[in-house]
Structures are given as structure tokens and as C-alpha cells.
S.K.: 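Supplied in C-alpha cells, the structure appears directly below.
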Amino acid sequence: MKPETLANRLKDDAARGTPAFDSELHERVLASVERAPDVDLSIAPAERNSINWWLPLALAASIALGVGIWITGVKPALPVVTKAPSLTLPNQLFSDRAAEIQKRLQTDITAAPLAALDHDTRAFTAFVAGQLDVFPLQQTKER
Amino acid sequence: MPPVLKTNPAPTTDADLVRAAAGGCRESFAALALAYQVPLLRFLRQRLGATEDAEDVFQETMLAVHRNLDRYDDRWAFSTWVFTIARRQAVSFQRRPRLRLAGGDGSLDHVAARASDPAGTVARDDDAQNLWTVARRALSADQFDIVWMHYAEQLSLDDVAKVVDKSSLSVRVALYRARQKLKRELARMDEKEGRL
């Protein structure tokens, strides 16, 4: 069968099954549209869908937020701008911060000189110090 | 509050009717429902098989059309949009649990009446000869829709692609395969008749 023959037969058979216009069904459709619970014909579909239902919600949320801030007395933080801010404290100069850390480190070293060393290093250092205490003269004699 | 229905001067094209209907003009919507009743029923009856089902789905389609009038994009023909909605309604209708044999009051009277109706029997016999009945049996739902939209509704392949939500290329391929399938089915039927 040629494609045209099949196409023509499909067209003809589709026309053969054409139903007559049903005025009763037409009335039923119009009635169902007017009866539909979510279709309010007092406003057109275009108007109905253009209502910004979220607008009152956003307004209420803004008012609630404003009132909350007013009651708690929370003030917004103001940024402090410096020429060379450190990473941890943006409102302090980097050089000031570095000097502060260096000073604290020196204090720590003075208070506990071996604190920065790990356990094995401390043990070795203690051993060497002990040897020097025990054999200072012998070492001197051998030389 | 009673519905406020506006009356506009008689619009001519589908797009004018849609605009007017979206603006609240009842007559314009009625004109659209009137213009598309026969083509939609014709499609739905072939698609679903039963006239009652086709009428139900047509009613649901027009309801969906009314709800979504403002979403209609006039870059496409209104017929394409309407058939897209009708097809989706038909698909969702077919997915529902099959409890529709009973009438509105729960009785099976109308089913029995159909079965014993001589006119209905003649119509069913005539249906058996119709190529679309063969198509409904042999083709997948998607293939049937594509073949129907193209041959019965004379929609372009681009419009068909829009209705079935596929690319033009896959519509072409589906159309070709559907034709081949139909030819094979017709040949098989002819062979069977020849043997009898």
C-alpha cells in the first residue's frame, strides 16, 4: 500500500466517524464551567490569576520583622574599615595584631621554654643536660 | 454575588475569542466550545473508544481550557493548544481506576441498554471496518495521537510535536513507524480474510 493511499484512507475514515453537534452537551459544558467550584465568573480568569496573593503575606512578614527589631533593640552592625585589616579581627591593623601575637609568644617561651617542643625532643634535651651535669670534668680532662 | 458577564463586539478569530473569553465574555467562550465540540469529540471518541467517556473528557477539557485561558500563548494555533489539553485529559482519564462502567447512580442499566441496542450493534460493526479502530488496536497511545493529529486534524508536524510534547524529529520517526505497523496489520487482516 502506498503512503498516499494510507493517508487518504485515514482521512476518509476519520471523516466517516465525525459525530453530529450535540447542543445538549454544549449546554452541559457551559453549565459545568459556571458551576465549577474554583471558577468565579465575577472576575475573569486573567484578572483572577493576576492577583498577587503573596503581597499581603510579604507585607505582614516585613511588619513583624520591624516590630521584632524595635522591641529587642537590636541595632545593625556597622562595618569598620581599616587600611590593612587582619583576617581574624577586621577592625584591627595587621601590624598591631602581629605585634600582639609576637609579644604573647615571647611571654609563653619565657614562662615555659620547652613547651613548644614535643615529648621526645624534651626527653633528649633533658638527657643531654643530665650528662653534662654528671661528666663535666671528665670531658674536660680527656681534651 | 451574581456573576458579572461582559459582552464584547463579535470577535472573528480564535485568538480574538480567547482574549475576549479571558476578559470574562461568556459568549466568546461559548463560541469556542461550539467550534471545537465536533473535532474534539471525534478525536476523543476514537482515542477512548466509548462515546460517554469522550463526552466526559470533552467536558473536562473545556473546563481546563476556561481555567487556563490567560495562559494561552497566541504564537501557537488555538487548535494545537486545545488538542494538547484534550490529549492530557484523555491520558489522565485512562489512568484513573476503571470504575466507570457503572452509571451516575451506580447502576449498570445504561451498559445493558447499549448492549441490546440494534443501532449500537450496527455502529460497532461499522467501527470494525474503520481504519482508526485498527489503529487504536495496533498502535501505542502516542503513535495513535500522532497519526490522528497529522492525518485527521491535518496539523503540521511541528504542531503535532507541540501537542504530544516531543521533538519534530521524533514525531517524524513515530509517524513512519506507525504507518509501517498499520500496513503490516492491514496485510495480516487481508491475509486472514483471504483464508476464511
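Lettering of chains follows the sequences in order, A, B, ..., and the numbering in each one begins at 1.
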S.K.: Count the heavy atoms of every other residue, nucleotide or ligand shown that sit under 6.0 Å from CG of B:Asp73, and state whether that count exceeds 12.
M.R.: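 Buried by this count: over 12 neighbours within 6.0 Å.
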
S.K.: What closest approach, in Å, do A:Phe21 and B:Gln37 show between heavy atoms, and which atom pair accounts for it?
M.R.: CD1-OE1, 3.3 Å

S.K.: Nearest heavy-atom pair of B:Trp132 and A:Ala14: which atoms, and what distance?
M.R.: NE1-N, 3.2 Å

S.K.: Verify the neighbour count for atom CD of B:Gln180: are there more than 12 heavy atoms of other residues, nucleotides or ligands below 6.0 Å?
M.R.: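 For B:Gln180, atom CD is crowded (more than 12 foreign heavy atoms under 6.0 Å).
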
S.K.: Quick one: what part of B:Val147 sits under 4.5 Å from any heavy atom of chain A, side chain, backbone, both or neither?
M.R.: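 Side chain only.
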
S.K.: If hydrophobic clusters are built from ILVMFWY residues whose side chains come within less than 4.5 Å, do B:Trp76 and B:Val164 share one?
M.R.: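 No: no chain of side-chain contacts under 4.5 Å links B:Trp76 to B:Val164.
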
S.K.: Would a single hydrophobic cluster contain both B:Val173 and B:Leu182, if residues Ile, Leu, Val, Met, Phe, Trp and Tyr are joined by side-chain heavy-atom contacts under 4.5 Å?
M.R.: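 Unlinked, B:Leu182 and B:Val173 end up in two clusters.
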
S.K.: Given that the side chain runs from C-beta out, which part of B:Glu60 has a heavy atom under 4.5 Å from chain A: side chain, backbone, both or neither?
M.R.: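 No part of B:Glu60 comes within 4.5 Å of chain A.
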
S.K.: Answer whether the closest heavy-atom distance between the side chains of A:Leu25 and B:Met62 falls below 4.5 Å.
M.R.: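 A:Leu25 does not reach B:Met62 side chain to side chain.
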
S.K.: About how many Å separate CD of A:Glu34 and CZ of B:Phe29, when rounded to the nearest 0.5 Å?
M.R.: 10.0 Å

S.K.: If Ile, Leu, Val, Met, Phe, Trp and Tyr residues are connected whenever their side-chain heavy atoms lie under 4.5 Å apart, and connections chain through other members, are B:Val38 and B:Leu34 in the same group?
M.R.: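 The answer is yes; both residues are in one hydrophobic cluster.
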
S.K.: Would you indicate whether the side-chain heavy atoms of B:Arg26 and A:Leu30 approach each other to under 4.5 Å?
M.R.: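 Counting from C-beta outward, A:Leu30 and B:Arg26 do come under 4.5 Å.
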
S.K.: Looking at A:His26 and B:Ala33, what are the two nearest heavy atoms and their distance?
M.R.: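 For A:His26 and B:Ala33, the tightest heavy-atom pair comes out as CE1-CB, 3.8 Å.
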
S.K.: Inspect the surroundings of OH in B:Tyr176 and state if more than 12 heavy atoms from other residues, nucleotides or ligands are less than 6.0 Å away.
M.R.: no

S.K.: For the residue pair A:Asp13 and B:Thr133, establish whether any side-chain heavy-atom pair is separated by less than 4.5 Å.
M.R.: no

S.K.: Should B:Ile146 and B:Leu169 be regarded as members of a common hydrophobic cluster, given that ILVMFWY residues are connected when their side-chain heavy atoms come within less than 4.5 Å of each other, either directly or indirectly?
M.R.: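 No, B:Ile146 does not connect to B:Leu169 through the hydrophobic network.
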
S.K.: Quick one: do B:Leu139 and B:Met189 end up in the same hydrophobic cluster if we chain Ile, Leu, Val, Met, Phe, Trp and Tyr together by side-chain heavy atoms under 4.5 Å apart?
M.R.: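 B:Leu139 and B:Met189: one cluster.
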
S.K.: Does the side chain of A:Leu6 come within less than 4.5 Å of B:Leu186's, by heavy atoms?
M.R.: yes

S.K.: Can you measure from CZ (B:Phe58) to CZ (A:Arg28) and round to the nearest 0.5 angstrom?
M.R.: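 Rounded to the nearest 0.5 Å, the CZ-CZ separation comes out at 10.0 Å.
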
S.K.: At a heavy-atom distance under 4.5 Å, which candidate from A:Val29, A:Leu10, A:Asp22 has the highest pair count against chain B?
M.R.: A:Leu10

